[in-house]
Structures are given as structure tokens and as C-alpha cells.
Amino acid sequence: MNDNFFSDYFAKLQNMNQLWWKELDSGKADLNTPLNKAMNELNLKDTVELIDKASAQPGVLVKVQMDWWESQMKIWQNVTMLNSDEDNKIKPAKDDKRFNDPAWDNEAYYSYIKQSYLLFSNTMKESIESIEGLDEKAKERLGFFSRQAINALSPTNFVTTNPELAKLTVETNGENLVRGMELYQEDVQASADVLKIRMTNDSAFELGENIANTAGDIVFKNDLFELIQYKPLTEKVNQTPLLIVPPFINKYYILDLREKNSMVRWLVEQGHTVFMMSWRNPDATMVNIDFDDYVLDGVVKAVDAVEDITGEKQINAAGYCIGGTLLATTLAYYSAKRMRNRIKSATFFTTLLDFSQPGEIGAYVNDPIVSAIEAQNEANGYMDGRSLSVTFSLLRENSLYWNYYVNNYLKGNSPIDFDLLYWNGDSTNVAVACHSTLLRQFYLENKLVDPKGYKVGGVFIDLSKIKVPTYFISTQEDHIALWQGTYRGAQNLNSKSTFVLGESGHIAGIVNHPAKNKYGYWINDEKIDDPEIWLSNAKREEGSWWNHWDTWLADFNPEEQVEPREAGNVNYPSLMTAPGNYVRQTLPIEVSNVKSQQVKSVEDI
């Protein structure tokens, strides 16, 4: 190493310590947040219950400990005797890429560390699962948070116990750590109350240029959203337009990345007249905006605009994730108000309607945690999207968090140019009232499936009143909206429903361009209550579900196509070119003075 390495490194470390203490004093550090305090208290309560139950079952823990000791001795014997018997080695899961370096298998020191760590991880999981009488929710939380702690302490996350990092540090005279410290300092300054690690090179993409660049116009704008009408690419277009409702906890352009993977562009190429909602990124002035506002001033207004612009009395609609929840709520609202049937068909991408099976996010769904989040949001004026982004990343901590921690801070590598990860890092806040409704009334109390549980515009939302033909696409590896949960939610609707299960996860399984021919899907037209039985009888199809969906949508379009539509009309003039202004809002957001009115011209924006 060079002579200045340690002095340079520790000088930077001192700067980081000063920044940390400054944040701690100002209350920014996550140790001071209501959420962190509530989580610590709940974890302590769960741990006490675990110890109490375990003390009454000493034989169970003795067996677990004996098995661990026996396995630990086998690891030691195999390593010291240079035993190459693969059957006796403790191996990581097939999708665990942390231990790919050959030294983890070929060098005794690292092989011992790896196997001992994996054994400890497995033993901890087995210990929690083996205790009988433990509350199931407590068991789930203990399993989730102990996994988080164990993976944070993985030997791959430290220079001295990671062969690849140790070798790199020697070869570069420690310059990798100096570069990593610089990246770390930049990320700390750009984070909220939890460290948000950058996943890609932010300067590599520009909205409207090489990402979110499908041609279109903003034809409507209010305090909540801008409406994009995309330009046609075919000589004739389908008569029935398509409105897409994206989630307001992410930006819409996950469905319009680059040309090679843009769903929007592909739909336009198939002859659809596509409209997309682009939600405003909330600031502190939107503290009282609630979920029903996103229905009444969001989806309802968008449907009005699409009908007026196209001259059609019915449209097709699709919603992604919580955008699908919004769409279903809007359909039920129309029904409760006895309004004419304005939606011809409705499609739901990875959409939860029944929140009784929320997946791993359920570790945060309990009254103490929800109350703490509500208190923290009230203090901030919004749910900070940067913290929310980290929460979702930590649901897959090894691949979506610690992987980038090692690559950026310990290897000193600049993040790669990746459009999907750029979108993932382009976070959005959530309004305080709306976030509380999602967590408490939907996730915690599951009111949306109760016909008398939740109101919009003074009327109860009854999902069973929805009779519009529906198409549900979920994904097998989704960790945010478990497909079994989305399947059960679909059964609450009183409509002819098609359920499709795609391969891969919440994002990759949806953004699955047919040209890639990467992931297949399962279909089964039988109505079966149990999702697992449905899957066991389903037929797997090759290729993207997009083609299957487009064929399904054809049933809701007249056979004869019409002339391509111009952007907007007299009532909804073109305000600017896509992607508009709301999508360009980045965090943190300065308090806005946007007036509650429709913008009529570019000069008004």
C-alpha cells in the first residue's frame, strides 16, 4: 500500500464520523426515529416471547444446538483434512451469488468462514421455526429481522473476510476503499433517515431523451397528475382507447423505459391509443391528500379526459400494483354511484385487493409499527420516498442492498448504467394521509374487501359489485404482492376474470418484452378457490404474457379500426410534450405553490 493510504482513509473516515454526529444531533439519524424505537421495542417483545416459549421446550433447543455442534465439527474436519467431498459441504442457495469467488471453495480459511456462516444462518432459522406455541406473526417478524441482521453480518460484507475484497485492496493499495468512502459520503448526503445506496449511474439517463421517450403530449394536468396521450405509430388504431394507472409510490416510466423494453411503445405499435397517468411527487403541502383523492381527482378525472378526447363512451383500463387497487376502487365507486359503465375491461398488474397475505412487507404491518410510521410521517409532512425505497430493497437485501454496498463502497466501483435501476432509484414520496390509509385500513385492517369497510365520495366500496371483465397478471416470484394474495383478491370481484401467472418477479415479470422471449406464463380458465391447485392444473406457455393480453384486449375492440387520433382537443389542449413536469420532480422536493386548477397552457406550468 502507498504511504498515504491510511492517512487518506482515516481522514475521510473522520469526515464521515463528523457528518454522522451532526445528523444524530439534528434528529436525522435513524436511531432517533419513532419507527426505529417502535421496531426495537417490538423486537424485544418478540425475543422475550421466544425465550419464554423456548425455556419450556429445552429438548428442542438442545437438539438444535447438538446438530449445530456436530455440523460445525464436520466443517472443521473437512477443512483441516482438505476433504473435497462436495456432499458434506454446506452450500449457499442456488440464487445466492455472494460466494461465487473460487477462493470460498478452494482456500481452507475462506471455506471454513463461508460454511460456518451458512450453518449459523440455517441454525438460527431452524431455532425460530422449531419453537411451538410462538405467535405466528411474532415468528414471521423474528425470522425476517434475524435474517436481516445475519445477512448484514455476512463475511462477504467485510474486507478481511472476503477473499475478493482482500485481494483487490492489496492490488490497488487500498484505493478501492478511498473511492468507496467518497461514494458513501455522497450517498449519505442524498439519503433520508436510512442509507440509500445508489444502484446505477444517475447521469447516464435523461428523461425524454434515452428513457421515458415514447412520443406523446400532456393533455391534462391538476394537483395530482398529468395525463399523457401517446402519439400513434400505426396507420389505423383500435377504436377503444387504453388508460394505464401506474402506482403513485413509483414513477410511471417503469412501463416506458428504453425502446427495447417499453410496454407503452409496444402497445402503441399494436395499434392502441394509450393514455398514461403521471403522478405528482408529493411534498409537505399534500399532507392531507388521501387514497380517495387519488380516485376522485385522479382516475375519475383521467377517465373523463380520455372519453372526451377520443369521443368514446367506454375505455379499456389497466392498473399496476397500487394503481390497480386504485382502478378497482374506482370501478366499485362507479357501481355504488349507479353511474353508467364507463370501463369496458380492466386489467390488473400484480395488484392486491385482499391484503390478508401481504408477503414479507407484513413484518412491518402491525399496530406499533404503523403508529410509529404515522407519527414519523406527520413530523416530516410526507412518507419520504428514499426511505420507502430502502424498505423495499431490504425485502431482498442480498441482491438489492448489500450487493451494491460491497460493489460501491468496498470495491470502489462506480454503479453501472441500467435503466431499470435508474427508475428504481428515482423515488417518490407518499402523502401522509394516503400512506396511513394504505397501511392501517388496507394492510392492517383489510377493509377493502369488506363491503362496509371503506368509503369513497360518501359511498361504500363493494368489490363484489364490479362486473367488468377483468384480466389479472401476477408473477411467481413477486415478494411485494404475493401471487397467491392477488389470486384471492381477484375472487372478490363478480366478473368474468382471466388470471395469468408470469415467471420472475414484481418488475421483471411485468416488463417482459416479447422480443426477448425470456419469461413464460401459466394459464388456467378453471375457477378454483385454492391458488396452488389452480397452478398445479395450469398450462405453461412460452413467451411473454403481453401477446396473450393483447389477444384478450381484442375482444373489447371493434374489428374495424379507426383513424389515428390527434393529441387532445378543444377541452383538453396539448400543454407540452411528454414526459411532462411531474415525472421530473426528484427528492428532496421543495415546498410547491402549485394552484388547485387545470393548467390551460404551457406558460401556466
Side-chain angles (χ1 to χ4, degrees), residues 240 245 314 316-336 341 343-359 442 446-454 460-478 480-506 509-510 512 519-557:
T240 309
V245 184
Q314 285 187 311
N316 293 319
Y320 192 175
C321 190
I322 205 68
T325 311
L326 269 178
L327 177 58
T329 305
T330 304
L331 292 172
Y333 168 76
Y334 284 153
S335 177
N341 190 10
I343 306 296
K344 188 179 290 188
S345 76
T347 300
F348 301 94
F349 307 162
T350 64
T351 295
L352 282 174
L353 300 177
D354 181 340
F355 290 80
S356 61
Q357 195 175 3
F442 291 0
N446 201 20
K447 285 188 175 181
L448 197 59
V449 294
D450 181 354
K452 298 293 183 181
Y454 182 71
F460 282 110
I461 296 304
D462 185 352
L463 298 180
S464 68
K465 300 298 183 182
I466 297 175
K467 299 179 180 180
V468 174
T470 57
Y471 185 105
F472 281 79
I473 170 67
S474 296
T475 54
Q476 192 176 33
E477 299 174 16
D478 195 333
I480 295 173
L482 293 184
W483 79 266
Q484 295 89 341
T486 64
Y487 184 92
R488 291 190 175 94
Q491 294 177 324
N492 287 275
L493 277 57
N494 188 19
S495 62
K496 183 180 180 181
S497 182
T498 297
F499 190 89
V500 178
L501 181 63
E503 293 180 325
S504 193
H506 192 75
I510 298 300
N512 182 24
Y519 300 118
Y521 58 95
W522 287 268
I523 55 175
N524 183 354
D525 293 332
E526 292 184 73
K527 291 201 71 172
I528 301 173
D529 291 338
D530 191 313
E532 297 295 347
I533 296 177
W534 177 92
L535 179 57
S536 66
N537 294 324
K539 179 183 178 183
R540 186 185 180 280
E541 300 284 354
E542 294 289 343
S544 172
W545 65 271
W546 291 11
N547 289 318
H548 183 268
W549 178 43
D550 189 46
T551 300
W552 183 84
L553 283 174
D555 290 339
F556 307 98
N557 270 295

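Fair warning: this is a prediction, and the values are worked out from it, not measured in the lab.
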Start with the C-alpha distance between Val500 and Tyr471, add both sets of side-chain angles, then the distance that settles side-chain contact (heavy atoms from CB on, under 4.5 Å), and finish with yes or no. CA-CA 8 Å; Val500 178; Tyr471 185 105; 3.4 Å; yes
Can you check side-chain contact (heavy atoms from CB on, under 4.5 Å) on Tyr487 and Ile528, steps first, answer last? CA-CA 10 Å; Tyr487 184 92; Ile528 301 173; 3.9 Å; yes
Assess the residue pair Ile473 and Trp549 against the criterion (side-chain contact (heavy atoms from CB on, under 4.5 Å)); give the C-alpha distance rounded to whole Å, side-chain angles, the decisive distance to 0.1 Å, and a yes or no. CA-CA 9 Å; Ile473 170 67; Trp549 178 43; over 6 Å; no
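By the 4.5 Å heavy-atom criterion applied to side chains, Ser504 and Thr475 are not counted as neighbours. Looking at Thr240 and Gln314, their side chains never come closer than 4.5 Å, going by heavy atoms from C-beta outward.
Every ring-ring contact (aromatic ring centres under 6.0 Å, His included) that Tyr521 has, sequence neighbours left out, goes to His548. Not a single side-chain hydrogen bond (donor to acceptor under 3.5 Å, both in side chains) links Thr325 to another residue, sequence neighbours left out. Under the ring-ring contact (aromatic ring centres under 6.0 Å, His included) criterion, Tyr320 pairs with Phe349, His506, sequence neighbours left out. Legend: residues meeting side-chain hydrogen bond (donor to acceptor under 3.5 Å, both in side chains) with Thr350, ordered by chain and number and at least two apart, are absent.
Screening Leu352, Thr351, Leu353 for a side chain to side chain contact (heavy atoms under 4.5 Å, CB included) with Thr486, the sole residue that qualifies is Leu352.
At distances below 3.5 Å, not a single donor-acceptor pair connects side-chain atoms of Trp522 with backbone N or O atoms of Gln476. Between the side chain of Ser495 and the backbone N or O of Val468, at least one donor-acceptor pair lies under 3.5 Å. A donor-acceptor pair under 3.5 Å is absent between the side-chain atoms of Ser345 and the main chain of Phe556, judged by distance alone. Looking only at distances, no side-chain donor or acceptor of Asn557 sits under 3.5 Å from a matching main-chain atom of Ala554. For the pair Ser335 (side chain) and Leu331 (backbone), a donor-acceptor distance under 3.5 Å is absent.
Taking both residues in full, the closest heavy atoms of Val449 and Asn446 are given as CG2-O, 3.4 Å, listed atom of the first, atom of the second, then distance. When all heavy atoms are compared, the tightest approach of Ile480 to Asp478 is N-OD1, 2.8 Å. Residues Asn316 and Lys344 approach most closely at OD1-CB, 3.8 Å, considering heavy atoms. Listed here is the closest heavy atom pair of Ile461 and Leu448: CG2-CD1, 4.2 Å. Here the shortest heavy-atom pairing between Ile466 and Ala328 reads CD1-O, 3.3 Å.
Considering CG of Leu535 and CZ of Phe499, their distance stands at 9.5 Å, rounded to 0.5 Å. Trp552 CH2 to Ile523 CD1: the interatomic distance, rounded to the nearest 0.5 Å, is 14.5 Å. The CG atom of Asn524 sits 11.0 Å away from atom OG1 of Thr498, with the distance rounded to the nearest 0.5 Å. Going from atom CZ of Phe348 over to atom CG of Leu327 covers 4.5 Å, rounded to the nearest 0.5 Å. Rounded to the nearest 0.5 angstrom, Tyr333 OH and Asp462 CG are separated by 15.5 Å. Taking CD of Gln484 as the start and CG of Leu501 as the end, the distance is 8.5 Å to the nearest 0.5 Å.
A donor atom on one side chain and an acceptor atom on the other are found under 3.5 Å apart for Ser497 and Thr470. Asn494 and Ser464 share no side-chain donor-acceptor pair at under 3.5 Å.
Ring geometry, Trp483 versus Trp534: the interplanar angle falls from 30° to 60°, so the pair is classed tilted.
Evaluation of the salt bridge (charged side-chain N to carboxylate O under 4.0 Å, His left out) test over residues 521-538, restricted to residues two or more places apart or in two chains, returns none. A salt bridge (charged side-chain N to carboxylate O under 4.0 Å, His left out) check over residues 485-503, counting only residues at least two apart or in different chains, returns the pairs Glu503-Arg540.
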